[in-house]
Amino acid sequence: MTDLEGSKWQLQEAKQRFSEVVRRAHDEGPQIVTRHGQDVAVILDMEEYRQLKGKQPDFKEFLLSGPDLSALDLTRDKSSMMRDVDLEGIE
C-alpha cells in the first residue's frame, strides 16, 4: 500500500478535483478525504475494493466455514445429581 499521508485531500478540494482524486485512486492507490482535519472517507480503485470485499464472507458462509461439530458427543450425562428448581410463581 502507498504512503497515505501523501494521498490526503480536504473535502472541499476533493469535491472540486474529484476526477483527479478518482484517477489517483486508480493509478496510485487509496485516497483519503478529510473534514476538519479528521479522516472521513477513502476513495478506492474498483479492483482494490472488489479484492477487499471478496475477503469477507457473508454471515452464512462464516458459520458454515467453522469446524465440523458432528463428531462431538453432545449428549447430556444424566447420571449426576440434579437439583429441582421450583418455578411456580415466576412470571
Side-chain angles (χ1 to χ4, degrees):
M1 192 176 275
T2 61
D3 176 22
L4 295 179
E5 290 303 314
S7 304
K8 288 196 175 192
W9 301 80
Q10 292 179 358
L11 179 60
Q12 189 62 33
E13 183 181 14
K15 289 189 321 188
Q16 293 170 356
R17 298 171 59 189
F18 188 68
S19 292
E20 182 179 353
V21 174
V22 171
R23 182 189 58 75
R24 284 193 181 186
H26 178 73
D27 295 343
E28 301 171 14
Q31 302 294 300
I32 309 296
V33 179
T34 65
R35 181 175 44 208
H36 305 297
Q38 300 294 316
D39 296 349
V40 294
V42 178
I43 309 294
L44 295 174
D45 179 63
M46 183 54 78
E47 186 57 35
E48 189 167 354
Y49 170 76
R50 286 185 179 127
Q51 288 174 359
L52 288 172
K53 189 75 170 155
K55 292 179 183 177
Q56 301 174 352
D58 68 12
F59 188 64
K60 178 181 174 184
E61 290 173 355
F62 172 74
L63 291 176
L64 292 173
S65 71
D68 180 17
L69 302 178
S70 63
L72 291 178
D73 179 13
L74 298 176
T75 57
R76 183 176 181 168
D77 180 10
K78 295 182 180 180
S79 66
S80 63
M81 294 288 291
M82 296 181 359
R83 63 186 178 118
D84 289 333
V85 178
D86 182 11
L87 298 177
E88 234 176 89
I90 296 178
E91 294 179 31

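- Asp27 is linked by a salt bridge (charged side-chain N to carboxylate O under 4.0 Å, His left out) to Arg23, counting only residues two or more places apart in sequence or in another chain.
- Here Leu87 pairs with Val85, Ile90 under the side-chain contact (heavy atoms from CB on, under 4.5 Å) rule; sequence neighbours left out.
- With sequence neighbours left out, Glu13 forms a salt bridge (charged side-chain N to carboxylate O under 4.0 Å, His left out) with Arg17.
- The hydrophobic cluster containing Leu64 does not contain Phe62, counting ILVMFWY residues as joined when their side-chain heavy atoms lie under 4.5 angstrom apart, directly or transitively.
- Of all heavy-atom pairs spanning Glu48 and Gly29, the tightest one is OE1-CA, 4.5 Å.
- Between atom CD of residue Gln16 and atom CH2 of residue Trp9 there is a gap of 10.5 Å, rounded to the nearest 0.5 Å.
- Gln10 CD: 12 or fewer foreign heavy atoms inside a 6.0 Å radius.
- Looking at every heavy atom in both residues, Phe18 comes nearest to Ile43 through CE1-CD1, 4.5 Å.
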Only distances under 3.5 Å count here; give the side-chain donor-acceptor pairs of residues 67-74 to other protein atoms, sequence neighbours excluded, each with its distance to 0.1 Å.
unit_1, atom_1, unit_2, atom_2, d
Asp68, OD1, Ser70, N, 3.1
Asp68, OD1, Ser70, OG, 2.9
Asp68, OD2, Ser70, OG, 3.0
Asp73, OD1, Thr75, N, 3.2
Asp73, OD1, Thr75, OG1, 2.7

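- Residue pairs satisfying the salt bridge (Lys or Arg N to Asp or Glu O under 4.0 Å) criterion with at least one member in residues 35-46, sequence neighbours excluded, are listed as follows: Lys8-Asp39.
- With a 4.5 Å cut-off on side-chain heavy atoms, Ser7 and Arg24 do not count as touching.
- Across all non-hydrogen atoms, the minimal contact from Ala25 to Gln31 is N-CG, 3.7 Å.
- For Gln38, the side-chain contact (heavy atoms from CB on, under 4.5 Å) test picks out no residue, with sequence neighbours left out.
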